[in-house]
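Presented below is the structure to which this report refers.
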Amino acid sequence: MKFKLLLAFSFWMLVMTVSCNKDDISFDAPSQELSFSKDTVFCDTVYHQVRSETYAVKVYNNEDKDVLIPRIHLEKGAASLYKINVDGKPGYDFKDIPLRKKDSLYIFVEIAPTATGPEAIAEDKILFQTQAGQQQVVLFSVVQDAEFFLLKRLPTRILSVPARHGPILRLKLFTEI
């Protein structure tokens, strides 16, 4: 009985040791240019102090090897009106982003213009620096200054007016500011 238990335990330990071997992944610098789902992201018209919807750009690795993108960053850096999210991390400057062979990477883009922004057109670029050269995706948006007036509804009041002939006329009054 002890021999069978020892044999079973040894078998399972051997299976765990062989099957849980970590893949040896090595990332190289890309030798070809990356490809993108869009070369320009047009964020439509946005208003001061109102965030835009989120736009997505896909980066493709068409090589037959895993690559490491040395740097992805916004051209204007932290001064940019745009915000990007690369591989699930928000920021302006990203270094050493791994990309598996024949795989893709999402970059999410949004713009949050400030009320003091003098620009009617917001433009920036996402720059990709690799051994194959520098590539870019242009970010473009029209920014409008707007003032928003929110309606505030006051409580409803009912006004009763006796009519000279016939039933009482009741009017439902409300005020909007």
Side-chain angles (χ1 to χ4, degrees), residues 16-153 176-177:
M16 293 283 281
T17 303
V18 172
S19 64
C20 293
N21 193 8
K22 193 172 186 178
D23 291 337
D24 192 22
I25 301 172
S26 63
F27 293 96
D28 300 324
S31 56
Q32 299 176 8
E33 288 191 339
L34 302 167
S35 58
F36 308 104
S37 60
K38 302 175 184 176
D39 63 348
T40 302
V41 177
F42 181 69
C43 294
D44 206 10
T45 301
V46 294
Y47 300 101
H48 283 295
Q49 295 182 321
V50 179
R51 287 186 178 270
S52 70
E53 63 183 88
T54 303
Y55 297 87
V57 176
K58 233 172 166 182
V59 181
Y60 299 101
N61 175 13
N62 297 322
E63 296 190 46
D64 287 325
K65 65 179 182 177
D66 299 331
V67 297
L68 190 68
I69 304 170
R71 188 171 181 210
I72 299 174
H73 63 100
L74 287 171
E75 184 177 52
K76 294 181 182 175
S80 177
L81 296 177
Y82 292 92
K83 305 208 181 312
I84 59 173
N85 184 310
V86 177
D87 204 20
K89 297 174 190 109
Y92 304 100
D93 195 351
F94 304 90
K95 294 185 185 337
D96 299 329
I97 297 95
L99 187 54
R100 302 293 301 260
K101 63 181 175 182
K102 302 292 183 188
D103 200 358
S104 61
L105 170 75
Y106 273 106
I107 297 179
F108 296 104
V109 179
E110 69 178 9
I111 181 171
T114 58
T116 59
E119 304 173 28
I121 293 177
E123 190 173 3
D124 203 348
K125 295 175 186 166
I126 303 174
L127 300 176
F128 298 83
Q129 293 178 343
T130 64
Q131 301 292 63
Q134 182 170 305
Q135 294 176 268
Q136 66 185 19
V137 173
V138 176
L139 307 175
F140 184 82
S141 183
V142 177
V143 179
Q144 296 288 323
D145 192 11
E147 289 186 37
F148 298 98
F149 297 99
L150 302 175
L151 293 178
K152 182 177 177 184
R153 198 169 265 237
E176 290 185 359
I177 296 177

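Index from 1, following the sequence.
- The side-chain heavy atoms of Asp103 and Asn61, taken from C-beta on, include no pair separated by under 4.5 Å.
- The two residues Tyr82 and Ser141 come nearest to each other via the heavy atoms OH-N, 3.2 Å.
- Contact of the Ile69 side chain with the Leu99 side chain is registered, since non-hydrogen atoms from C-beta on lie closer than 4.5 Å.
- Using a 4.0 Å cut-off between charged side-chain N and carboxylate O, Lys101 and Asp66 make no salt bridge.
- In this structure a side-chain-to-backbone donor-acceptor pair under 3.5 Å is present from Ser52 to Ile111.
- Environment of CZ in Phe42: crowded, with over 12 heavy atoms of neighbouring residues, nucleotides or ligands closer than 6.0 Å.
- Residues Asp96 and Pro98 come closest through the heavy atom pair O-CD, 3.4 Å.
- With rounding to the nearest 0.5 angstrom, the CD1 atom of Ile107 is 9.5 Å from the CG atom of Asn85.
- Tyr106 places no side-chain N or O within donor-acceptor distance of the main-chain N or O of Ala56, the cut-off being under 3.5 Å.
- Although no hydrogens or angles enter the test, the distance criterion places a donor-acceptor pair under 3.5 Å between the side chain of Glu63 and the main chain of Gln32.
- Atoms OH and CD, from Tyr55 and Glu110 in turn, are 10.5 Å apart once rounded to the nearest 0.5 Å.
- No more than 12 heavy-atom neighbours from other residues, nucleotides or ligands sit within 6.0 angstrom of CD on Gln131.
- Here the closest heavy-atom approach between residue Tyr60 and residue Ser104 is recorded as CD2-CB, 3.7 Å.
- Between Val137 and Thr40, the shortest heavy-atom contact is CG1-N, 4.4 Å.
- Put simply, the side chain of Phe94 does not reach to within 4.5 Å of the side chain of Asp87, judged on heavy atoms.
- Atom OG1 of Thr54 is separated from atom NZ of Lys83 by 12.0 Å, given to the nearest 0.5 angstrom.
- In this structure a side-chain-to-backbone donor-acceptor pair under 3.5 Å is missing from Lys76 to Leu81.
- Gln135 and Phe36 get closest at one heavy-atom pair: NE2-CE1, 3.5 Å.
- Two residues are said to be in side-chain contact when any heavy atoms from C-beta on lie closer than 4.5 Å; Phe108 and Pro90 fail this criterion.
- In this structure, the separation between NZ on Lys125 and CD on Glu75 is 5.0 Å, given to the nearest 0.5 Å.
- Looking at heavy atoms from C-beta onward, Tyr92 lies out of side-chain contact with Asp124 at the 4.5 angstrom threshold.
- The structure places CG of Leu139 at 10.0 Å from CD of Gln136, a figure rounded to the nearest 0.5 Å.
- In this structure Lys95 satisfies the salt bridge (Lys or Arg N to Asp or Glu O under 4.0 Å) test together with Asp93, sequence neighbours excluded.
- For the pair Leu74 and Ile126, the minimum side-chain heavy-atom distance is below 4.5 Å.
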Between Ile72 and Val59, is the side-chain contact (heavy atoms from CB on, under 4.5 Å) condition met? List the steps. CA-CA 11 Å; Ile72 299 174; Val59 181; 5.7 Å; no

